[in-house]
**Q** 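Sharing a structure, written as C-alpha cells. Questions coming.
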Amino acid sequence: MASSSKANLAEQDEGEEAEEIEHFNDFTLASSWERFISEIEATCRQWLADGPKRLLEKGAVHLDSSDNIYKVKSELKNAAKIYSMEYYFEISGKIADWNCTLHDLQLCFGVKEFLVISPQSASGVVLDAPEDTKLLSAVSIALANCSSLWPAFVPVHDPSRKAFIGIQNMGTIFTRRFEADRIGSQVPIKFMHLEGLYELFVSKFAYCMSDHSMHLFRVHLLMKLTYQTLPNDEDNYDDIQEADTESAKSETSPGCDNPNRKHWDDDCPWNEWYSAEDPVMGFDLVVTWSEKVVESSLEMAEMENASPHEAEKWILAPNLYPNLDSSKGDRIGFASQLHLLVNALEMSFEAPFIEDFVSVENPGSDNLESTMVIPPPTVLDRVLKDLFLEDPQLPDFAKDEHKSSRAIKGAPVESLFAQFCLHSLWFGNCNIRAISVLWIEFVREIRWHWEESQPLPKIPANGSIDLATCLINQKLQMLAICIGKKRELNEEFEDCIGTKDNASANMEKMQEVNKVGDESSSFHAQSQAFDEKRDSLLTPEGFNGSKTVESKFSANAQDVHSADKSTLDSIRRGSAGPVGSMKLLKLCQSLHAPFTQSAPLMTEDMHEERLHAIETFGFSCLERETLSSDMSAFKAANPGAVFEDFIRWYSPRDWENDESEAKGPSTDLTEGMNIDWPPQGRLSRRMSESGNFWRKIWDEAPILPASEQKPLLDPNREGEKILHYLETMQPHQLLEQMVCTAFRASADTLNQTNYGSLKEMDTKMDQLYLTMASTLRPLQVNLLSNTSDTIEDLQRLCVVFEHVEKLLILAASLHRRFRQVPRISEAIFSNYYNFYLPTMGIGLADVDTQKEFDMKLQLSQNERQVVSNMFTPPTANQSWRKVLSMGNHLNGHEPILREIIFSMHDNASDNHYASSSPRDYQQDTETYRMYTCGTSNDLRVALSIISYD
C-alpha cells in the first residue's frame, strides 16, 4: 500500500511538471540572429505605422541632393556589431523622372522607397561575402513578416566601386533581386559602344544564345547623354603664338601671358579697374531620347551614330563658380576695395594732418601696420599720368547716370576727383598711407596746373559749380574757372603789350619820315586804337545785361531830347540798350540797362559763410561788392541818373507807382509827341528810411562801367584759397568725401553694364542706390566721429554692395552668352536670384554654402542651335588630348556621361509561371532591367531581375 501510494504521488508530480513546461516560453533558446530579425521587424512595423507624414513630424532628414527625398535612421545591434538601417521615402505620389534629381539607388534600380542596411564602420560596407548574404536574408525575412514590399539594399565590396546587392518581396510569387557594380578603369572596348552594352543585357536572359546579333529581342531603351562645354581656362593659344611674328615676340616680356589672349570681360565697364572671374564656368547639356524598342544590335550601332539634334529633349544646366555666394574665394572687386577704404576712414582720425601718415617722425606711425606699404614711384607716376592726361573732348558726365545717383553727395564718375578715388581703391591696397601719398602728389600736380595756368582735365569748363556734388569737386570746379579767368587776363595783358610794342615801332618809323610835330597825332591815333580794343570788352559775352532789355542798341524814336541825346551818348559807357519806354526821373532820357559783372560763383562753404554773415550783420561783403558794382555800372550807362532810377530798374518792388497823382503828358519840350514824363511814384518805406544801406552804397559808388571795374571774382585770390584748402584739410574730411565719391563712382561704373532686361537686377540696383544714399548721409553733413556707429553701417553697406556686384557680374556673363535667346539668361538668373536672395540680408561669412545651386532648363527647338554653337569644334591642339571612343558627337565633342536603361517586359500569362500565378499578375511585367552609366574610362552597371519563388 505504501509503495502504491508513493507511485501515485510520483506520477502526480511528473504530470504537474509537464503541465508547467508546456506553459513556459524559454526565450534564452532564441539565437542572436533571430533577435536581430525581430528588432528589424519591430522598427519596420513602426515606420509602416507612422507613414511619411508622421515621420516628417518626428524629424525625418531631408537630403540635400534631392528636392523630395527624406530619410529616417535606426541603429541595430547584432552580437558585437552595430548596423545602421535607413529608410528613404518620398512625399509625392508619382515616381520622379530621371531628368530630376534622384537618389543613386532610385536611378540604378527604378525604385521609389527603400531600405539600406550597412555596418557602422570606417568603410560603411560589408566586406565579407557570407555576412552580406546573411544580412540581406534577415532584412528580407523581417519585411516578409511585416507584409512590406520595400526593397532592401546592402553595400558590399570596396566603397569606390559603389556596389550593392538587394532583394524585394513582390508578393507570394515573385522576388526581385538587385546587383550593382562599377569598373573604374580599363573598360573593355566592347562596352564603350552601345552594341556591346546591348549584348551584355541580352546575355542576362538569353543564356543559350551564342550569337545575339542573329536573334530579335524586344528590348526597351532609354538613353541620356551629358555634354559639357570646355572650361574657360582650357582655351589653347599655342596656334596664335606660333603665328605671331618675331617682332611681336620681342615685345612680349618673359613670363607674361600671351598679349593676344582676350579675357571674357575685356569690354565690361569694370575691366578698367579689375578683371573679374567669370561666374559661369560652363554648361552641362543633357540630351534625352524618348523610349525606343530595339530588336537587334544593328539598331544600336545606328543609334550610336545619331545626332544629338534628333533627341526628344535638351536640358541645360549651368555650372557656376564654386562659392559664388560666399566670400571664401577672396574675390576682388569694388566691394572688397571699398571695405578697405572704410578701414582707412576709421584710421584717419588718428592724425590731424595728412602728412602725419607719411612722415616716419610721426609718433603714431608705429601703430600703422607693416602691410600698409606704399607702391613704388613708377606706379605713382603712372596713376598721375592717367589722372592728368589731357583729353581734347570732355566726357559726358551725365551719360548712363542712374536716376538716384545724384542723391549721393559725391562726384560724377568721369570727373577728376572721382577718378582719383577709384585709383585710390587699387593704389597700395587702399591703405591710409598710400592714400596720403597719392593725395599729396595729386595736390602738387593741381598746384602746377594753377601756377602754369594749364586747364584741369576731366572738369567741365562751362563756368558753373554743381552744388549737388562733394565739396572737393566743387573746389576743383571753382579752380578750373579761376584758371580760365587767369588765362584770359594773361592773354589780355599780352595783347596790350603787343599793341604798345606796335605803337612804338610805328612811331619810330614816322620819326624818320615826318617831323617831330606829327608825332603827337600819330601817338594819339595808336592810343585811340588801344582804347577801342579795351572798349570791345563791353559785350554780352563778358558781362550781364538786364533781362528786360528789348533791344540792346535800338534807338527810341520818340526821344524828345534828340539834341541832348547825342551829347549824353557820347559820355554814356557800358550800356546794353534802353529798357523799354522807361525814362530817367531828372532827365527826359531813356533809362539804359548797363552791362554788369556776372555774379561771382560760390562753393557750398562760401554760401554758408555768406548766410552766416547775413544772419550776423544783415549783409555780407560779397553782397556789398556786387551791389556797388551794379550801381557803378548803372551810373556809367545813365549819366545824370539818381538813386530812384536805379531802384526802379534794379528792384521794382521797392518803387511804388502813384497813379492818382500822375500828371498828363508833357508837351513843353516837344510838339506833337505824347510823352509820359516825369514818372510818378516814390520809394518804398524800406528804401526811404534814413541811413539806408543801399543809398549809402549809391553815394559811394564811382561812375565806372563794368569793363573798368575790379572783378568781383579775383581768380588769383580764390585760386590760392582753394589750394590752401586742399593742402591743409584734415584726413577724416578727405576720407569722408572719398568714401561717398568712391561708392557712387563704383556703382555708376557697374550701372553701365549691359545685362539685358533683367527686372530683378534693375530692382537691386535701385535698392543699392537708395541704401547708399541713406547710409552715406552722415558723411555728407560732417556728423562722423571716430566712435560713430556709421563705420559699422558702412561695413554692412560693403556687404550689400558685394551681393549686388556679384549678381550683376553673373547677369552680364549670362547676357553675353544668350543675346539671341534672352529667355535662357532670364530664366537662369531669375532662378539663381531666388536661390541667392535669402543670403543677401546677412554677412557673406555667415552664408551656408552646403547647398549648391542646381537648375535644369528645358530648351525649345529654336534655342538649340544657339546652345549648340557654344560647343565649339576642338582645335588641333585640343583634339589629341582625348581619344574619341564614344559616339553621338556634338560638334566634335563626345558626351562626358552616358546613361542607358535597358528593360525587358514579359506577360506572365505567356510563360511557365502562368499556371500558378494569381490573376493580378496576368499582366505586362518588367522582368529584366539594366542601368549603365559612365564613359570610356568608367562604367557602372546595375541589374535587377524578377525570379519566381
**Q** Quick one: does Trp655's side chain get under 4.5 Å of Met687's, heavy atoms only?
**A**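 Answer no - side chains too far apart.
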**Q** If every non-hydrogen atom of Arg648 is compared with every non-hydrogen atom of Leu591, which pair is closest and at what distance?
**A**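 So the two residues come closest at NH1-CD1, 4.4 Å.
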**Q** Of all the heavy-atom pairs spanning Leu425 and Ala742, show the shortest one and how long it is.
**A**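 So the minimum-distance heavy-atom pair works out to CD2-CB, 4.4 Å.
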**Q** With the side chain counted from C-beta on, respond yes when Phe420 and Ser415 share a heavy-atom pair under 4.5 Å apart, and no when they do not.
**A**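 Of all side-chain heavy-atom pairs linking Ser415 with Phe420, none is under 4.5 Å.
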**Q** Is the backbone of Leu704 close enough, under 3.5 Å, to the side chain of Gln709 for a donor and an acceptor to pair up by distance?
**A**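 Pair found, side chain donor or acceptor close to backbone of Leu704.
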**Q** With a 4.5 Å cut-off on side-chain heavy atoms, are Leu750 and Phe801 touching?
**A**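 Phe801 vs Leu750: side chains touch.
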**Q** May I have the step-by-step check of side chain to side chain donor-acceptor pair (under 3.5 Å) for Trp450 and Glu720, ending in yes or no?
**A** CA-CA 9 Å; Trp450 163 253; Glu720 290 296 335; 3.0 Å; yes
**Q** Once you round to the nearest 0.5 Å, how far does OG of Ser348 lie from CG of Leu341?
**A**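 Those atoms lie 9.5 Å apart.
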**Q** Can a donor-acceptor pair be found, under 3.5 Å and without considering hydrogens, that links the side chain of Gln737 to the backbone of Leu471?
**A**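 Flag set: sc Gln737 to bb Leu471 pair under 3.5 Å.
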**Q** Would you say the side chains of Trp448 and Gln454 form a donor-acceptor pair under 3.5 Å?
**A**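 There is no such pair (donor and acceptor under 3.5 Å, judged by atom type) between the side chains of Trp448 and Gln454.
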**Q** Measure the shortest side-chain to side-chain distance between Ser405 and Arg744 over non-hydrogen atoms and say whether it is less than 4.5 angstrom.
**A**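 Yes, close enough: below the 4.5 Å cut-off.
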**Q** For Val413, does its backbone N or O pair with a side-chain atom of Glu401 as donor and acceptor, under 3.5 Å?
**A**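 Not at all, since once roles are kept as given, no pair shorter than 3.5 Å links the two residues.
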**Q** Please determine which of Glu718, Gln477, Glu609, Met478 meets the side chain to side chain contact (heavy atoms under 4.5 Å, CB included) test together with Thr603.
**A**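 Result for side chain to side chain contact (heavy atoms under 4.5 Å, CB included) with Thr603: Met478.
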**Q** At their closest point, which heavy atom of Arg686 faces which heavy atom of Ser651, and how far apart are they?
**A**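 So the two residues come closest at NH2-OG, 4.4 Å.
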**Q** Could you measure the distance from the CG atom of Asn473 to the SG atom of Cys740? Nearest 0.5 Å is fine.
**A**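 Reported to 0.5 Å precision, the distance equals 12.5 Å.
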**Q** How long is the straight-line distance from CG of Asn638 back to CZ of Arg572, given to the nearest 0.5 Å?
**A**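 Those atoms lie 5.5 Å apart.
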**Q** Could you report the tightest heavy-atom contact between Arg447 and Leu723, atom names first, then the distance?
**A**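 Arg447 and Leu723 have their closest heavy atoms at NH2-CB, 3.4 Å.
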**Q** Suppose we call two aromatic rings close when their centres sit under 6.0 Å apart. Are Phe334 and Phe743 close by that rule?
**A**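 Judged by ring-centre distance (under 6.0 Å), Phe334 and Phe743 do not meet the cut-off.
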**Q** Distance check, rounded to the nearest 0.5 Å: Leu776 atom CG versus Leu797 atom CG?
**A**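 Spacing of CG (Leu776) from CG (Leu797) equals 6.0 Å.
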**Q** As an exercise, state the distance from CZ of Arg573 to OG of Ser707, rounded to the nearest 0.5 Å.
**A**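 So the CZ of Arg573 and the OG of Ser707 are separated by 7.5 Å.
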**Q** Just checking, Arg444 and Trp439: is the charged tip under 6.0 Å from the six-membered ring centre and within 45° of the axis?
**A**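 No, cation not above the ring by the 6.0 Å, 45° rule.
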**Q** When you compare the side chain of Met738 with that of Leu345, does any pair of heavy atoms fall below 4.5 Å?
**A**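 In short, these two side chains do not touch, never coming nearer than 4.5 Å.
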**Q** Atom CD1 of Ile408 and atom CE of Met772: how far apart are they, to the nearest 0.5 Å?
**A**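 Rounded to the nearest 0.5 Å, the CD1-CE separation comes to 3.5 Å.
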**Q** Decide yes or no on side chain to side chain contact (heavy atoms under 4.5 Å, CB included) for Thr469 and Gln474, but give the supporting numbers first.
**A** CA-CA 7 Å; Thr469 60; Gln474 296 178 37; 3.6 Å; yes
**Q** Could you check, using the six-membered ring where one of them is a Trp, whether Tyr650 and Trp694 have ring centers closer than 6.0 angstrom?
**A**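 Here the rings of Trp694 and Tyr650 have centres that are less than 6.0 Å from each other.
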**Q** Taking side chain as C-beta onward, heavy atoms only, is Leu476 less than 4.5 Å from Leu726?
**A**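 Side-chain contact under 4.5 Å: yes.
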**Q** Do you know the tightest heavy-atom contact between Tyr769 and Ser404?
**A**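 Reported closest heavy-atom pair: CB-CB, 3.8 Å.
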**Q** Mind listing the closest non-hydrogen atom pair of Leu584 and Pro639 along with its distance?
**A**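 That would be CD1-O, 4.2 Å.
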**Q** Does the separation of the ring centres of Phe646 and Trp698 fall below 6.0 angstrom?
**A**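 Close enough - the centres of the two rings lie under 6.0 Å apart.
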**Q** Could you walk me through whether His402 and Asp748 pass side chain to side chain donor-acceptor pair (under 3.5 Å), step by step?
**A** CA-CA 7 Å; His402 193 271; Asp748 287 343; over 6 Å; no
**Q** Out of Glu700, Glu644, Glu689, which residue meets the salt bridge (charged side-chain N to carboxylate O under 4.0 Å, His left out) rule with Arg695?
**A**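 Testing Arg695 for a salt bridge (charged side-chain N to carboxylate O under 4.0 Å, His left out) against Glu700, Glu644, Glu689 leaves exactly one candidate, Glu644.
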**Q** What do the steps show when you test Glu604 against Lys409 for salt bridge (Lys or Arg N to Asp or Glu O under 4.0 Å), and what is the final call?
**A** CA-CA 12 Å; Glu604 189 177 47; Lys409 202 173 182 63; 3.2 Å; yes
**Q** Quick one about Ser684 and Arg653 (side-chain donor to acceptor, distance below 3.5 Å, no hydrogens or angles considered), yes or no?
**A**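 Side chains of Arg653 and Ser684: no pair found under 3.5 Å.
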**Q** With a 4.5 Å heavy-atom cut-off, do Lys475 and Lys721 have their side chains touching?
**A**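 They are not in side-chain contact.
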**Q** Would you check, one step at a time, whether the test side chain to side chain contact (heavy atoms under 4.5 Å, CB included) holds for Val373 with Arg433?
**A** CA-CA 7 Å; Val373 296; Arg433 293 184 62 194; over 6 Å; no
**Q** Apply the test side chain to side chain contact (heavy atoms under 4.5 Å, CB included) to residues Ser590 and Met582: give CA-CA distance (whole Å), side-chain angles for both, the deciding distance (0.1 Å), then the verdict.
**A** CA-CA 6 Å; Ser590 297; Met582 292 183 66; over 6 Å; no
**Q** Is a side-chain donor or acceptor of Lys586 paired with a backbone partner of Ala641 at a separation under 3.5 angstrom?
**A**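 Answer holds: no.
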**Q** Check whether any side-chain heavy atom of His449 sits under 4.5 Å from a side-chain heavy atom of Pro455, and report yes or no.
**A**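 No. Closest side-chain heavy atoms not under 4.5 Å.
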**Q** Test side chain to side chain contact (heavy atoms under 4.5 Å, CB included) on Thr741 and Leu422; report intermediate values, then the result.
**A** CA-CA 9 Å; Thr741 301; Leu422 292 176; over 6 Å; no
**Q** Take Lys485 and Asp714 through the test salt bridge (Lys or Arg N to Asp or Glu O under 4.0 Å) and record every step on the way to the result.
**A** CA-CA 9 Å; Lys485 296 290 185 181; Asp714 186 351; over 6 Å; no
**Q** How about His592 and Phe634: are their ring centroids closer than 6.0 Å?
**A**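 Centroid separation for His592 and Phe634: 6.0 Å or greater.
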**Q** Is it true that a side-chain atom of Asp466 and a backbone atom of Ala468 form a donor plus acceptor pair closer than 3.5 Å?
**A**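 Yes: the side chain of Asp466 pairs with the backbone of Ala468.
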